[in-house]
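By convention in this document, chain letters (A, B, ...) are assigned in the order of the sequence lines, proteins followed by strands, and residues within each chain are numbered from 1.
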Amino acid sequence: AQKVTQAQTEISVVEKEDVTLDCVYETRDTTYYLFWYKQPPSGELVFLIRRNSFDEQNEISGRYSWNFQKSTSSFNFTITASQVVDSAVYFCALTWEYGNKLVFGAGTILRVKS
Amino acid sequence: NAGVMQNPRHLVRRRGQEARLRCSPMKGHSHVYWYRQLPEEGLKFMVYLQKENIIDESGMPKERFSAEFPKEGPSILRIQQVVRGDSAAYFCASSAETGTLNEQFFGPGTRLTVL
């Protein structure tokens, strides 16, 4: 079965702290794709990153970085020096080679306080 | 290049009424997906359509819900005889391909409130 688990329901940090959001996935497929989306209070879904299962290189984009580890089936997301504008719900999602749907985790609410 | 468009953005219905949600995919996209986000929950897949065909409706409730994607015009998600439990955000996504090139672009969502 395809499944995504985001065990952290809610995280609160103070501005400028680093924060890591965990994502653990399950899939039988050898070719699959992992995503992170941000949902700010306004409600839209903002695409952050897509990763395929053959590329385990970690990625950094500004204050955002992603750690993909197939050995532990994890695709964790770190925000460095968090800002109030980072406050949102963050979703991890999975699809597979011939999949036609995204399977989402339950989301992690991130609250960044000034 | 306009993104995925959904309308209305907010929809209020009384119990027993019908709700029609529209989704216009990105230009050149022929694959449409509908997801539902219940309050305090993640998004759940409902249905996947290509032009004039329903490909996968494994996430659709068995009753009252239907979807179409006609040859011309937007995709429509229709909910008949709405109940309070249908209150949710409904997101549409579109893609140019499926499978390995499945990159879905999301619309802003329609927030349905059932009174």
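- The hydrophobic clustering, which links ILVMFWY residues whose side-chain heavy atoms are closer than 4.5 Å, places A:V14 and A:V19 apart.
- Nearest heavy atoms, A:F91 versus B:Q37: CZ-NE2, 3.3 Å.
- Under the 4.5 Å side-chain heavy-atom criterion for Ile, Leu, Val, Met, Phe, Trp and Tyr, A:V24 and A:Y33 are members of distinct hydrophobic clusters.
- Cluster annotation: A:I49 and A:L34 are assigned to the same hydrophobic cluster (Ile/Leu/Val/Met/Phe/Trp/Tyr, side-chain heavy-atom contacts under 4.5 Å, transitive).
- Taking a 6.0 Å sphere around CD of B:Q81, one finds it holds 12 or fewer heavy atoms contributed by other residues, nucleotides or ligands.
- With a threshold of 4.5 angstrom between heavy atoms, A:Y32 does not approach chain B through any atom at all.
- A continuous path of Ile, Leu, Val, Met, Phe, Trp and Tyr side chains, each step under 4.5 Å between heavy atoms, connects A:Y64 with A:I11, placing both in one hydrophobic cluster.
- Side chains of A:Q39 and B:F106 form no contact here, defined as non-hydrogen atoms less than 4.5 Å apart.
- For residues 103-114 of chain A, the interface with chain B (any heavy-atom pair closer than 4.5 Å) comprises A:F104, A:G105, A:A106, sorted by residue number.
- Here B:L112 is tied into one hydrophobic group with B:L11, B:L21, B:V32, B:W34, B:M46, B:V47, B:L49, B:I54, B:M60, B:F65, B:F69, B:L77, B:I79, B:V82, B:Y90, B:V114, each link being a pair of ILVMFWY side chains closer than 4.5 Å.
- B:Y48 is not connected to B:I76 by any chain of hydrophobic side-chain contacts under 4.5 Å among Ile, Leu, Val, Met, Phe, Trp and Tyr, and they are in different clusters.
- A 6.0 Å sphere centred on CG of B:L115 holds more than 12 heavy atoms belonging to other residues, nucleotides or ligands.
- When all heavy atoms of B:R111 and A:S42 are compared, the closest pair comes out as NH2-O, 4.4 Å.
- Atom CG of A:L45 and atom OH of B:Y35 lie 10.0 Å apart (nearest 0.5 Å).
- The shortest heavy-atom contact between A:Y37 and B:Q104 is OH-O, 3.6 Å.
- Crowding of A:E10 atom CD: a count of heavy atoms from other residues, nucleotides or ligands under 6.0 Å exceeding 12.
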